[in-house]
Amino acid sequence: MAENEIREIFVIGLRNAHAMENQALSIMKPQLKRIENYPEVAEKLDRHIRETDGQIVRLEEILDGLNEDKSTLKDLALSFTGSMAALGHTAAGDEILKNAFANYAFENFEAAAYKSLLTMAEAGGHGAALSGLQANLAEEQAMAEWINDNLVALTTKFLSLRQAGETAKV
């Protein structure tokens, strides 16, 4: 594959990742506003929102270094779908669990996207992009690992609150 073809695919992937991170924000921010009984989840979500803001900046820096712009249309479309996904769980009695499952899946999706982008960067000779992409990957993997490591405790707390007659609100 020619280097210019790899670059084109890489730029599309970067734009998609930028939109993906905006979608992540549109999923996490409404969740954070609704959390009442799970301060540990709220704290981690708040921290990851700030990490995601940094990931967006890194992606923009990489795109700038390639003299490329982000895709505003993709950003808007995925932000909208993220908001709708977050809204979809609000009516569920086990919203906190559904959010955790969805977030775990999404964090792994993001990690896979960054692994692919790293491969493209290496194949296309875009070494300047590697550190930013590696940082984003590490943050996504850490968040997915945190969710995985805390899912049993979260579920146990949810069941305990329900059993005690609490609403077990998010």
Enumerate donor-acceptor pairs with a distance under 3.5 Å from any side-chain N or O in residues 108-121 to protein atoms, sequence neighbours excluded.
residue	atom	partner	partner atom	Å
N108	ND2	Y104	O	2.9
Y114	OH	E21	OE2	2.7
Y114	OH	N136	ND2	3.2
T119	OG1	K115	O	3.1

Is the closest side-chain heavy-atom distance between E68 and R15 below 4.5 Å?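 Yes, their side chains come closer than 4.5 Å.
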
Are any of the side-chain heavy atoms of H126 and L133 separated by less than 4.5 Å?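 They are not in side-chain contact.
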
Working to the nearest 0.5 angstrom, can you tell me the gap between [X] [atom1] and [Y] [atom2]?
{"X": "N99", "Y": "L45", "atom1": "CG", "atom2": "CG", "value": "8.5 Å"}
{"X": "I9", "Y": "N16", "atom1": "CD1", "atom2": "CG", "value": "11.5 Å"}
{"X": "F158", "Y": "I96", "atom1": "CZ", "atom2": "CD1", "value": "9.5 Å"}
{"X": "M20", "Y": "L14", "atom1": "CE", "atom2": "CG", "value": "10.0 Å"}
{"X": "M28", "Y": "K33", "atom1": "CE", "atom2": "NZ", "value": "13.0 Å"}
{"X": "L137", "Y": "Q55", "atom1": "CG", "atom2": "CD", "value": "9.5 Å"}

Please identify each residue that fulfils side chain to side chain contact (heavy atoms under 4.5 Å, CB included) with [X], with sequence neighbours left out.
{"X": "D46", "answer": "L32, R50"}
{"X": "D53", "answer": "L25, I49"}
{"X": "E60", "answer": "H18, I56, K70"}

Examine distances only and state if a side-chain atom of R7 and a backbone atom of G124 form a donor-acceptor pair shorter than 3.5 Å.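 No, R7 side chain to G124 backbone: no donor-acceptor pair under 3.5 Å.
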
Within a 6.0 Å radius of atom CD on E3, are there more than 12 heavy atoms belonging to other residues, nucleotides or ligands?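 Counting neighbours around CD of E3, 12 or fewer heavy atoms of other residues, nucleotides or ligands fall under 6.0 Å, so no.
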
Donor-acceptor contacts under 3.5 Å from residues 144-154 side chains, at least two apart:
residue	atom	partner	partner atom	Å
N150	ND2	W146	O	2.7

side-chain contact (heavy atoms from CB on, under 4.5 Å) assessment of F10 paired with E8: CA-CA 5 Å; F10 182 55; E8 184 179 325; over 6 Å; no

With K157, the side-chain contact (heavy atoms from CB on, under 4.5 Å) member among L161, T155, L159: L161

Check the pair R47 / E51 against salt bridge (Lys or Arg N to Asp or Glu O under 4.0 Å), numbers first and verdict last. CA-CA 6 Å; R47 189 173 327 130; E51 287 175 345; over 6 Å; no

Within residues 116-143 or reaching into it, pairs that qualify as salt bridge (charged side-chain N to carboxylate O under 4.0 Å, His left out) - sequence neighbours excluded: R58-E139

Show your reasoning for whether side-chain contact (heavy atoms from CB on, under 4.5 Å) applies to E95 and Q31. CA-CA 9 Å; E95 179 182 357; Q31 288 178 10; 5.6 Å; no

Minimal heavy-atom distance between D94 and K98, with the atoms involved, is OD1-NZ, 2.7 Å

